[in-house]
Participant: 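What follows is a single structure, and I will ask about it in a moment.
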Amino acid sequence: MHDEPRGAPDYLLDQNLSETNQNFTFTKAHRLLDKKQFNRVFQNPDKLICTKLVLLAVKNGLDHPRLGLAISKKNAKHAVTRNWVKRVVRESFRLNQHLIGSLDIVILSRFGIVELDSSQLKELIDKQWAKLTRLCAS
RNA sequence: GGAGUUGAUCAAAGCAGUCGCUGCUCAAAUGUUUGACCCUGGUUGGUUAAACCUUUGGGGAGAGGAAAGUCCGGACUCCAUAGGGCAAGGUGCCAGGUAACGCCUGGGAGACGCGAGUCCACGGCCAGUGCCGCAGAAAAUAUACCGCCAGGUUAGAUUUUAUAACCUGGUAAGGGUGAAAUGGUGCGGUAAGAGCGCACCGCACUGGUGGUAACAUCAGUGGCAGGGUAAACCCCACCUGGAGCAAGACCAAAUAGGGGAACGUUAAUGCGGCCCGUAUAGUUCCCGGGUAGGUUGCUAGAUCUAUAUGGCGACAUAUAGACUAGAUGAAUGACUGUUCUCGACAAAAUCCGGCUUAUCGAUUAACUCCCACC
RNA sequence: GCGGGUGUAGUUCAAUGGUAGAACUCCAGCCUUCCAAGCUGAUUAUGAGGGUUCGAUCCCCUUCACCCGCU
């Protein structure tokens with residue numbers, strides 16, 4: 001994936017929708033920023049629940065997906081582990097963003113997420129993106 | 001060489017590469033706005049400058065010793081400039097340091113250790129009050145249960161001695177209870193005893209010496225004050241106004257800046273313990289309406305590093321140099337290769353000074369004890 | 001982030017510094033053909049670690065867990 005050609009800015013990508021001119025940035029445009037945007041997702045979402053995570057998704061009408069995280073203090077006690085979960089999820093989102101449709105996604109943690117190690121969590125999340133896209137397309 | 005004591009410094013394991021995140025800075029491009037100029041009757045338009053948004057490229061920076069707990073103390077902001085009294089709370093050997101402290105340094109008393117050293121909420125129950133369960137004679141004005149001793153009466157007895165019971169008096173040595181019982185040991189003394197007397201120890205008072213002081217030490221006097229508890233009320237000395245960056249300020253947008261009722265200058269609110277004092281000119285309830293963001297505060301400071309001087313030290317002063325996170329659903333990660341000893345506790349959120357708690361280790365300085373050798 | 005509060009049997013609550021108690025629950029027995037109800041009996045606790053005190057649920061310190069308020 002590191003051999004992808006680079007240099008094409010986003011506004012060009014938006015114009016011709018080329019599959020070859022992808023890049024893998026993660027800016028504020030790719031996040032849910034305020035309470036309104038979060039509430040919109042919590043209103044009427046498509047849910048995908050597995051043992052350690054809950055994913056909520058809703059279509060957003062933009063050209064790219066957006067991500068929001070809600071990792072509670074109850075499930076991940078220390079700030080270090082909360083930050084670790086967020087970073088792994090964000091990294092996976094960044095690398096897989098072009099496989100996901102135009103969705104607003106909120107990810108919640110469930111009990112036991114601390115027991116996973118870094119590679120297990122990454123593998124788990126990588127699987128969820130494809131499932132989620134199929135769920136929302138149907 | 002071994003065993004220890006006290007500090008100081010470091011600590012995302014290190015190196016290389018690719019992708020990515022948040023500020024800062026430089027350059028370029030597109031766009032928007034504003035100003036000036038040009039063409040023109042006017043508009044459109046063109047040139048140039050500045051600011052802003054977005055994108056691209058380059059450079060550089062980017063979690064801790066505890067960032068934690070929120071246990072103390074400050075800065076800062078608003079309430080009134082932070083006032084007076086009472087209440088409430090805190091601190092508590094002495095001297096110093098500090099912006100301040102419940103912190104730190106040095107010294108003293110006490111306890112522990114062979115020692116280097118360590119620990120220590122360490123004012124006052126002869127100002128007053130309260131409490132001390134059970135047990136015990138008695139738990140605070142001391143008292144007299146068992147004892148011990150003397151005298152008397154009665155019983156018994158040939159008589160005396162001795163014995164038993166009762167009464168009166170003396171005693172605080174001995175006994176048992178308890179966490180705690182009115183100085184300890186020894187000698188003298190006595191009917192038995194007792195600081196009744198003496199020696200030593202302890203205690204209290206007075207004076208001298210050393211020390212800024214806490215205190216230490218010496219001499220004399222008194223014969224002995226008087227239980228514990230103040231992290232019980234309390235007394236004494238000192239300190240403390242309240243709320244907290246979700247404090248507060250500004251901008252844009254929107255508006256209801258409305259209607260009704262009640263209270264009211266001897267009053268209401270600020271003033272969130274109470275009163276005084278003081279400031280403001282309204283305040284409260286009901287109906288109805290609205291609810292929403294952005295910027296700033298936000299990191300240059302009781303700052304850090306080095307040197308010199310003063311001080312036992314905490315620390316202070318002077319000179320030179322450095323700029324070292326500032327996010328806002330919240331930034332430090334992922335992957336690949338490689339090396340080793342296979343990597344603890346753990347993430348800034350206004351900022352500092354401490355304390356406490358968690359913690360794999362590494363380096364280093366000073367000192368103590370033991371063993372061996374010279 | 002800032003500021004408050006609470007920890008006692010399995011549950012809900014009491015308890016001047018002096019043997020931690022009540023109700024419900026659970027268990028055993030009695031009663032009943034059996035179950036329920038009733039009666040009798042028994043088990044079970046001061047979040048943890050220190051300190052003050054002769055003696056701490058209580059007073060003080062540290063720590064852990066939980067709850068609440070403020071955009």
Side-chain angles (χ1 to χ4, degrees):
Chain A
M1 63 180 73
H2 305 304
D3 298 327
E4 295 284 350
R6 307 196 63 261
D10 270 349
Y11 60 90
L12 289 177
L13 184 68
D14 292 344
Q15 281 167 8
N16 57 21
L17 294 174
S18 163
E19 287 296 318
T20 56
N21 287 331
Q22 293 178 353
N23 67 358
F24 296 93
T25 58
F26 181 71
T27 61
K28 278 188 183 176
H30 298 83
R31 305 183 200 181
L32 298 177
L33 289 176
D34 57 31
K35 203 171 179 179
K36 277 184 184 171
Q37 297 174 359
F38 270 85
N39 281 339
R40 207 174 75 80
V41 177
F42 282 117
Q43 284 301 317
N44 194 14
D46 293 324
K47 294 179 191 171
L48 178 60
I49 302 174
C50 63
T51 53
K52 312 290 185 191
L53 291 170
V54 178
L55 289 82
L56 307 176
V58 101
K59 283 182 182 159
N60 67 0
L62 300 172
D63 296 320
H64 54 80
R66 293 189 299 186
L67 179 69
L69 295 165
I71 311 299
S72 74
K73 215 170 194 175
K74 213 162 195 172
N75 297 327
K77 199 164 161 356
H78 293 295
V80 172
T81 56
R82 286 197 297 276
N83 278 347
W84 164 75
V85 171
K86 289 181 194 172
R87 279 168 186 157
V88 173
V89 173
R90 262 192 226 114
E91 182 68 12
S92 173
F93 178 84
R94 184 175 73 81
L95 296 173
N96 293 290
Q97 57 181 286
H98 299 287
L99 305 176
I100 307 166
S102 299
L103 300 171
D104 281 349
I105 302 167
V106 171
I107 295 184
L108 306 173
S109 61
R110 301 188 75 193
F111 185 77
I113 195 159
V114 182
E115 296 161 13
L116 300 175
D117 66 23
S118 189
S119 59
Q120 283 174 330
L121 180 58
K122 186 166 149 39
E123 201 176 327
L124 179 69
I125 296 164
D126 284 348
K127 283 180 194 166
Q128 307 306 320
W129 301 127
K131 277 193 193 174
L132 191 66
T133 311
R134 257 183 279 127
L135 183 74
C136 293
S138 64

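Chain naming here is simple, since letters A, B, ... match the order of the sequence lines and numbering starts at 1 in each. These figures come from a predicted structure and were not determined experimentally.
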Participant: Nearest to the A:R90 side chain among B:A330, B:A334, B:A348, which nucleotide is it?
Facilitator: B:A330
Participant: Let me know the distance between CG of A:N83 and C1' of B:G329, rounded to the nearest Å.
Facilitator: 12 Å
Participant: Does B:U324 count as syn, meaning its glycosidic angle lies within 90° of 0, or as anti?
Facilitator: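 Chi for B:U324 falls in the syn range.
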Participant: Given B:U332, B:G329, B:A330, which nucleotide is nearest the side-chain atoms of A:A70?
Facilitator: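 Output: B:G329.
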Participant: How long is the line joining NZ of A:K122 and C1' of B:G20, in whole Å?
Facilitator: 13 Å
Participant: Taking atom CD of A:E123 as the centre, does the number of heavy atoms from other residues, nucleotides or ligands within less than 6.0 Å exceed 12?
Facilitator: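 Incorrect, the count does not exceed 12.
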Participant: What orientation do A:F93 and A:F26 show, parallel under 30°, tilted 30 to 60°, or perpendicular over 60°?
Facilitator: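 Judged by the thresholds at 30° and 60°, the geometry between A:F93 and A:F26 is perpendicular.
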Participant: Any strand is fair game: report the nucleotide pairing with B:A225 by Watson-Crick or G-U wobble, both distances under 3.5 Å, or none.
Facilitator: none
Participant: Rounded to the nearest Å, what distance is computed from the NE2 atom of residue A:H30 to the P atom of nucleotide B:G329?
Facilitator: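 Checked: the NE2 to P distance equals 17 Å.
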Participant: Strictly distance-based, threshold 3.5 Å: is any side-chain N or O of A:T133 a donor or acceptor partner for the main-chain N or O of A:W129?
Facilitator: yes
Participant: Just confirming the chi classification of B:G195, syn or anti, using 90° around 0 as the syn window.
Facilitator: syn
Participant: Return no unless some side-chain N or O of A:R82 is found under 4.0 Å from OP1 or OP2 of B:A330.
Facilitator: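 It does not, given that no N or O in the side chain of A:R82 lies less than 4.0 Å from OP1 or OP2 of B:A330.
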Participant: What is the distance, to the nearest angstrom, from the CD atom on A:E123 to the P atom on B:C335?
Facilitator: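 These atoms are roughly 12 Å apart.
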Participant: With syn defined as a glycosidic torsion within 90 degrees of 0 and anti otherwise, which applies to B:A63?
Facilitator: syn
Participant: Using only side-chain N and O atoms of A:R31, determine if any of them is under 4.0 Å from OP1 or OP2 of B:A330.
Facilitator: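 A:R31 to B:A330 OP1/OP2: side-chain N or O found under 4.0 Å.
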Participant: Whole Å only: how far is the CZ atom of A:R94 from the P atom of B:C21?
Facilitator: 7 Å
Participant: Nearest whole Å is fine: how far is B:G333 C1' from A:L95 CG?
Facilitator: 11 Å
Participant: Using Watson-Crick or G-U wobble geometry with both distances under 3.5 Å, which nucleotide pairs with C:G29?
Facilitator: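 When the pairing criteria are applied, C:C39 turns out to be the nucleotide that pairs with C:G29.
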Participant: Identify whether A:L67 and A:L99 are in the same connected component of the hydrophobic contact network (ILVMFWY, side-chain heavy atoms under 4.5 Å).
Facilitator: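 No, it is not one cluster - the side chains of A:L67 and A:L99 are not joined through contacts under 4.5 Å.
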Participant: Nearest whole Å is fine: how far is B:U22 P from A:F26 CZ?
Facilitator: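 It is 9 Å, rounded to the nearest whole Å.
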Participant: What's the base orientation of B:G23: syn (chi within 90° of 0) or anti?
Facilitator: syn
Participant: Take atom NE2 of A:H78 and atom P of B:A358, then tell me their distance rounded to the nearest Å.
Facilitator: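 Rounded to the whole Å, the gap is 14 Å.
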